[in-house]
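For reference, the structure is listed below as structure tokens.
Quick caveat: nothing in here was measured; it's all calculated off a predicted structure.
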Amino acid sequence: MFDSLDNVRYMVEGSYKKLKSYYYYDKTLLYIKMKIVEFETDGKFKDNLEMLAKNVFEDNRQYFDELENQIKICVMPKTFKSINNDIRLIRGNIDKNKKICKVNFTIDIPVELLILDLMWTLFIKKIYTEQYGEFTYSHAGQFKKGLFNAEKDLISGIDFKSNRCFEPYFQCYTRWRNKALDAAMETGKEENTAMISLDLKSFYYNIDFDFREFAKLFDNDERYTSIEFLTSVISDIYTKYTELVVKYKKGIKKSIGKTVFPIGLISPLILRDIALEGVDNSIETGLSPKYYGRYVDDMLIVVGTGQIEHISVEEIIENILVKKQILNAKNTNGEYNFFAEPSVKLQGEKVNCFYFEKGKENILLDVYCKKIKKNSSEANLLPDIDVLRDSFNSRAYTMNSSDDSMKIRNLEFMESDNYNATLFINGLKGILKNASYDKKYIEKYLTDIINFYSGSQAIEFSNTWRTIFELLFLCKDKDRASTFYFNVKKEIGNLSFDYVEEDEIYSKKKQPILNKLKCSLLLKLDISIGLAVALDYYRGNIKKHKILGQKIRQANMLSHNMVSFPLINYSMDDSINEIPLINMNLNKILSDVTIRKKLFKLDEEKIRWSPRFIHLNELYFCVFYFTIGSGNKFVREDNNSIFKSYIRMNNLSEKIPNPIIYDVENFSAELNIARKDIVISDNCDKRNTKVGLVNTKINEDEVFDILLYPEKGITVEKKQSLYKLLNTAKEEKVKYLVFPEFYMPALWLSDIGGFTKQYGITVVTGLQYIACNDRVFNIVCVIASTCGKTYFKNMIPLFREKNYYAPEERMELAALGYVSKNPSKATYYMVNNGKEKFSTILCFEFTDIASRLIMKGEVDFLCVPQLNRDTNYFSSIVESAARDLHTLVVQANTSKYGDSRVTGPYKTDFKDILKIKGGENDILIVGELEVKALQKFKNSYYSDFEKQVKKCLACKKVRTVSHLSQKCIKCLDKKGKIKGLPPNWK
């Protein structure tokens, strides 16, 4: 395998990309993230990769010995405890004087060895699973599908091209947890059931791992022999870490040749599953559980229990786990260890048992399942719209009482809820991003947040530092960020080990470990603010933080979801390295063609080393900003070219189909109108064709005011209203969501992209005016949800300029100094998702009979965003179009003028499926588009009609009519609400 330096170079570079991606998403080991940043930005990046590849190729032991000598440990707090032991003393505020009682030792290691560790992990994963199969019971550290293929060779059998390696942890965790809950609910219907939750005690520190025994697993595999040199390096890393940790941490008794698992390396993700496979198998064979799954060192077991006379945790452990030889009997220290692997111990105080009696309602599971569903990441793709209606403290603190009466004597304690506090902060960031607001409006929230993360909580919840700094920089609150930084720094300086548990650290080593811990925390604090400074250098007060921020931005390890414009941080223009990436001014960027074209042209090197996946919709938005106003024109996107770039940038298989299956333009020279037929893939299961029509107030004066002062169109209040509408659309399970003309700020389109992609909702909206110098564009956008045959969800934004500006509109714009031009060739999109065909026609365009003509026989429904006061005229057009085109018309107008409606080619009593006007609040009104019924009617109309004519001609009763009043009307008086097709129908 290592006969070719090119092969080794290829694997080293591929492993680095995967390593970078892994730590990009990691929120805890920021010092490793920063090591990767330094490695990539020190000016010797490619030389260092080449050096690593060369020394792997040459099996250069000396090179790796020098790297191993640089291995150190990093110390971080693990657990805090209150020193208030009087449980009767109920404090009026949270105890922020907690003390450290446990610490964690993580590995501090050169990046070159991290790369080697990940590469070796990929080799071992492939070899082991091909010989012994997948780890059935492990749900953590799941490798992405497609990472390994059927090729036996370790080079061609592993995808080293992409940066993808692991499944998102929350998806793996959710599957593990939900499967256990489902099994408990089902089993509880048939028999008494126990769901047992086990937690291994200090697993990484207690494991006795022997690389010599490990090697025996691969005796007959030449591939393992070919990587023996790499294995020896990895073994030495484990040994070095173990030697460092045993100097300080009590309770680690290691014999020669055996090691613990280094926290911070990736290889333990595969080795821990191998080490615990005996335990996993013993549980499965010994218990035959209804469900067993493990997430790292947390185990969930669901078993039928039969009748247990005296139900208790101890009884369940003894009857189920000890008697079946899963656990050994409790030892003199009160500990359990596993029969199959004695070095693996159980954390007795963290054993939980949930008991469900046969046939009885599992209220606990019902309530819990609803709560986790509400709090799931999937359910929170949009910012929490209620954050500005609640106080931060109401979310960040939980008050407990012995009952719900809230009597003072029943109050027990109040505790901090960092999870919900973090959700609040992220929700606030989402609401404030690309939005204008009065700073006084959020002052109270910022004050409460800083107060919450003070005292010992400032250290206990250190993983939130980065999020807090990002929020403060987003709010342009440089002073508060500086105050928070120095307050945390002061708390770090005050830390002590006075309350560290006796069995945690050797007493003589406490002071050096405390010093290491303080240094580690100070470094984490600097990196946390550096990650925020990377978004906006001008918010950093200290020079070293700006330097950190510059390096982080250069390596693209910053929070991409905070950047104002998709992919702008991948720009090839050097000026991007100096300007803020948050709170960016769209009109200022678009007004200078030279700057815009530079900013939205992507740097191939940055793309090559991207730590994350580049989404298709991001490329569409990037192309849109790059091309709008080019040569004073609106340039339409090239769908095929964009998809090819998407495949190339993400190193995807060329066999992946383009979600846009067909994209052809048909031009009518006679009408001077082009019809662009776009067929997209949408195989998601959709049993309905619900449309959500947005009823909102938009004023003409407001539209032009926003053109002059864009910040007025992106207010927090408007954003909250938008997200409320989107959440309603999700709850109502609509498939199409239609907004009026001029509703949506272009800046917000990318923010709602993930939501529309996840829930399969296609959005049709008019955009607020976009100005490029004195040229202005009125654009309608379709955000089309797509889903391929492999259920690969995507979202395609399709933009087009208004074909015919209204005369009054052009005059109003001219009076403000803006030029608007009708395109030389009118173009309309016809979107076909395989189930329905639809198009958009924007306000004044609807008055053009030729524009309506090209729709004839081509669409199942027509979306008409508009800002129109002439409702009588347009009402006539809607009713005419519904009949002439024999289609459903979805008209979205401002609530000020009304006549927002869904009208179909039906009889008078049925023609308006919904219709609305007025109201001060924004609402979503939902209707059903009976597309299938209309399609079926049109397909069979002529044949059914001719059959009826022939039937009447053959009817004997017709021949006996002696007077006109006696004519047969039974067959002609057919029931049904759909009107017949107009003449000359295709």
Side-chain angles (χ1 to χ4, degrees), residues 18-19 21-29 32 76 78 104 106-107 114 117-118 120-126 128-129 132-148 163-183 195-207 209 214 234 238 260-284 289 291-302 338 340-341 343-347 350-352 372 375-378 419 463:
K18 288 174 169 54
L19 178 80
S21 178
Y22 179 84
Y23 284 103
Y24 168 76
Y25 292 104
D26 184 84
K27 298 177 182 178
T28 56
L29 302 177
I32 294 183
M76 284 292 177
K78 181 181 180 182
N104 251 340
T106 58
I107 193 166
L114 288 170
D117 177 70
L118 191 144
W120 182 82
T121 302
L122 295 176
F123 295 153
I124 296 301
K125 168 66 178 177
K126 181 172 177 62
Y128 187 88
T129 52
Y132 300 101
E134 292 290 343
F135 300 105
T136 309
Y137 310 109
S138 174
H139 290 261
Q142 295 282 313
F143 289 85
K144 279 189 173 291
K145 292 180 180 178
L147 180 59
F148 304 100
N163 59 17
R164 295 177 299 285
C165 198
F166 297 101
E167 295 286 347
Y169 79 91
F170 63 87
Q171 291 181 7
C172 300
Y173 182 88
T174 300
R175 281 195 296 267
W176 167 70
R177 178 198 61 204
N178 289 355
K179 284 183 177 181
L181 295 174
D182 292 343
M195 182 170 72
I196 308 170
S197 172
L198 306 177
D199 185 16
L200 304 184
K201 184 176 182 179
S202 300
F203 171 61
Y204 270 42
Y205 298 124
N206 284 330
I207 190 70
F209 190 78
F214 172 73
I234 302 302
Y238 277 56
V260 299
F261 285 161
I263 301 173
L265 286 188
I266 291 178
S267 53
L269 272 63
I270 178 78
L271 296 186
R272 71 191 179 201
D273 287 338
I274 295 173
L276 288 173
E277 194 156 33
V279 172
D280 293 339
N281 290 333
S282 71
I283 292 174
E284 182 62 30
Y291 171 78
Y292 167 62
R294 178 173 50 77
Y295 193 88
V296 190
D297 55 359
D298 288 334
M299 298 172 169
L300 285 174
I301 306 169
V302 178
F338 282 85
E341 182 57 63
S343 68
V344 179
K345 301 175 183 178
L346 194 64
Q347 197 147 235
K350 289 192 177 180
V351 174
N352 286 316
I372 61 175
N375 290 334
S376 69
S377 299
E378 186 176 290
Y419 175 76
N463 289 341

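Ring orientation note: the planes of Phe135 and Tyr128 are close to parallel, at an angle under 30° on the 30°/60° scale. Trp120 and Phe214 have tilted rings, their planes meeting at an angle from 30° to 60° on a 0 to 90° scale.
Between Tyr169 and Tyr173, the ring centre distance reaches or exceeds 6.0 Å.
Qualifying side-chain hydrogen bond (donor to acceptor under 3.5 Å, both in side chains) partners for Asp199, counting only residues two or more places apart in sequence or in other chains: Gln347. In terms of the side-chain contact (heavy atoms from CB on, under 4.5 Å) criterion, Lys27 has no residue partners (sequence neighbours excluded). With sequence neighbours left out, the side-chain contact (heavy atoms from CB on, under 4.5 Å) criterion links Thr28 to Asp26, Asn463. Residues passing the side-chain hydrogen bond (donor to acceptor under 3.5 Å, both in side chains) test with Asp280 are Tyr292, Arg294, sequence neighbours excluded. Glu167 meets the side-chain hydrogen bond (donor to acceptor under 3.5 Å, both in side chains) test with no other residue; sequence neighbours excluded. Under the side-chain contact (heavy atoms from CB on, under 4.5 Å) criterion, Tyr205 pairs with Asn104, Phe105, Ser202, Tyr241, Val245, Lys249, Ile252, Ile263, not counting sequence neighbours.
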Check step by step if side chain to side chain contact (heavy atoms under 4.5 Å, CB included) holds for Leu147 and Arg164.
CA-CA 8 Å; Leu147 180 59; Arg164 295 177 299 285; over 6 Å; no
Please determine whether side chain to side chain contact (heavy atoms under 4.5 Å, CB included) holds for the pair Phe338 and Leu200, giving the CA-CA distance in whole Å, both sets of side-chain angles, and the decisive distance to 0.1 Å.
CA-CA 10 Å; Phe338 282 85; Leu200 304 184; 3.4 Å; yes
Take Phe166 and Tyr25, measure what side chain to side chain contact (heavy atoms under 4.5 Å, CB included) needs, and give me the verdict at the end.
CA-CA 11 Å; Phe166 297 101; Tyr25 292 104; over 6 Å; no
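Judged purely by distance below 3.5 Å, without hydrogens or angles, the side chains of Tyr295 and Arg177 never pair a donor atom with an acceptor atom. Looking at Asn206 and Ser343, their side chains never bring a donor and an acceptor atom within 3.5 Å of each other.
Using a 4.5 Å heavy-atom cutoff, the side chains of Phe148 and Leu122 are in contact.
Among Asn281, Ile283, Asp273, the one residue that satisfies the side chain to side chain contact (heavy atoms under 4.5 Å, CB included) test with Tyr137 is Asn281.
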